[in-house]
Undergrad: 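There's a structure below that I have some questions on.
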Amino acid sequence: MLDQIHLLAAVTVLGVLEQAYFFLQVIYARRLFGISPPKVSGPPEFERIFRAQVNSSEYFPIFLALLWQAGLFFHQGLAAALGLLYLYGRYCYFMGYRASSSERLAPIYFSTGVLWILVAASALGILHSLLSHYMGLNILQLLTA
C-alpha cells in the first residue's frame with residue numbers, strides 16, 4: 001500500500017513546509033513593521049504578506065483533498081506532479097503578492113487551473129471506481145475496445 005501513496009505523502013510534506021515558510025514570513029513581517037497580534041492591518045507591504053499567507057492557508061485543505069483523491073482514484077504520479085506544480089504556483093503567488101498586488105494574478109490563475117485539473121482527475125477516478133464497483137463497468141476497457 002505504501003508504494004501507492006509515497007509520492008502523495010512527499011508532496012503533502014512539501015506543502016506543509018511551504019505553509020510553514022509562509023507563516024514564518026508573516027512573523028518576520030510583524031517584527032519588521034512592529035505589528036503585534038491580533039492586529040492584521042498596517043503598511044501595505046505587511047498587509048500583502050499577511051493576505052498571501054491567509055489566502056494560501058484557505059486553499060490548502062482543498063488542495064490536499066484533491067491531491068489525495070486524484071492520487072488514490074486516478075493516478076498517483078500525475079497527482080503528485082500536479083501537486084508540485086500547484087505548490088510552485090502558490091510560491092510564485094506568495095512572492096508576487098509580496099512585491100505587488102498585481103503580481104499575484106498570473107500565479108493565482110495558474111494554481112487555480114492546476115486545482116481544476118485535480119478536480120477533473122478526482123471526479124474521473126471516483127466515477128470509474130463507482131461504475132466498476134457497482135455496475136461492473138470498466139470505462140478504460142470500453143474506451144480502448
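For reference, positions follow the sequence shown, starting with 1.
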Undergrad: Give the ring-plane orientation class for Phe63 versus Phe60, where under 30° counts as parallel, over 60° as perpendicular and anything between as tilted.
TA: tilted
Undergrad: Just by distance, with hydrogens left out, do Ser57 and Gln19 show a side-chain donor and acceptor under 3.5 Å apart?
TA: yes
Undergrad: Ignoring hydrogens and angles, tell me if any N or O in the side chain of Arg104 forms a donor-acceptor pair with the backbone of Tyr93 under 3.5 Å.
TA: no
Undergrad: Test side chain to side chain contact (heavy atoms under 4.5 Å, CB included) on Glu18 and Leu14; report intermediate values, then the result.
TA: CA-CA 6 Å; Glu18 182 178 68; Leu14 286 174; over 6 Å; no
Undergrad: With Tyr134 as reference, evaluate Leu131, Leu130, Leu137 under the side-chain contact (heavy atoms from CB on, under 4.5 Å) test and give the passing residue.
TA: Leu130
Undergrad: As a quick check of understanding, evaluate side chain to side chain contact (heavy atoms under 4.5 Å, CB included) for Leu82 and Leu78, giving each step before the final call.
TA: CA-CA 6 Å; Leu82 289 168; Leu78 177 65; 3.9 Å; yes
Undergrad: Please name all residues satisfying ring-ring contact (aromatic ring centres under 6.0 Å, His included) with Phe110, sequence neighbours left out, ordered by chain then number.
TA: none
Undergrad: Is there a side chain to side chain contact (heavy atoms under 4.5 Å, CB included) between Tyr59 and Leu115? Walk through the geometry before answering.
TA: CA-CA 10 Å; Tyr59 275 86; Leu115 281 181; 3.8 Å; yes
Undergrad: Hey, are Tyr97 and Asn55 close enough side-chain-wise for a donor-acceptor pair under 3.5 Å?
TA: no
Undergrad: Side chains of His6 and Gln76: does their closest heavy-atom pair fall under 4.5 Å?
TA: yes
Undergrad: Can you tell if the side chain of Thr12 reaches within under 4.5 Å of the side chain of Trp68, non-hydrogen atoms only?
TA: yes
Undergrad: With rounding to the nearest 0.5 Å, note down the distance linking CG in Leu66 to CD1 in Ile117.
TA: 12.0 Å
Undergrad: Between Arg30 and Ser36, is a side chain to side chain contact (heavy atoms under 4.5 Å, CB included) present by the stated rule, with each step listed?
TA: CA-CA 6 Å; Arg30 283 187 180 281; Ser36 298; 5.9 Å; no
Undergrad: For the OH atom on Tyr21, are there more than 12 heavy atoms of other groups (residues, nucleotides or ligands in this structure) within a distance under 6.0 Å?
TA: yes
Undergrad: To the closest 0.5 Å, what do you measure between CZ (Arg51) and OG (Ser101)?
TA: 12.5 Å
Undergrad: Could I get the full list of ring-ring contact (aromatic ring centres under 6.0 Å, His included) partners for Phe74, not counting sequence neighbours?
TA: none
Undergrad: Of the non-hydrogen atoms in Pro107 and Gly89, which two are nearest, and what is the gap between them?
TA: CB-O, 3.6 Å
Undergrad: Answer with yes or no whether the hydrophobic clustering places Phe22 together with Tyr88; edges join I, L, V, M, F, W, Y residues whose side-chain heavy atoms lie under 4.5 Å apart.
TA: no
Undergrad: Apart from Leu24 itself, what residues make up its hydrophobic cluster when side-chain heavy atoms of I, L, V, M, F, W and Y under 4.5 Å apart count as a link, directly or indirectly?
TA: Ile27, Tyr28
Undergrad: Might you point out which heavy atoms bring Ser122 and Gln69 nearest each other, and give the distance in Å?
TA: OG-CB, 3.5 Å
Undergrad: Identify the two heavy atoms, one from Val11 and one from Leu87, that lie closest to each other, and give their separation to 0.1 Å.
TA: O-CD1, 3.8 Å
Undergrad: Do Gln53 side-chain atoms and Gln25 backbone N/O form a donor-acceptor pair below 3.5 Å?
TA: no
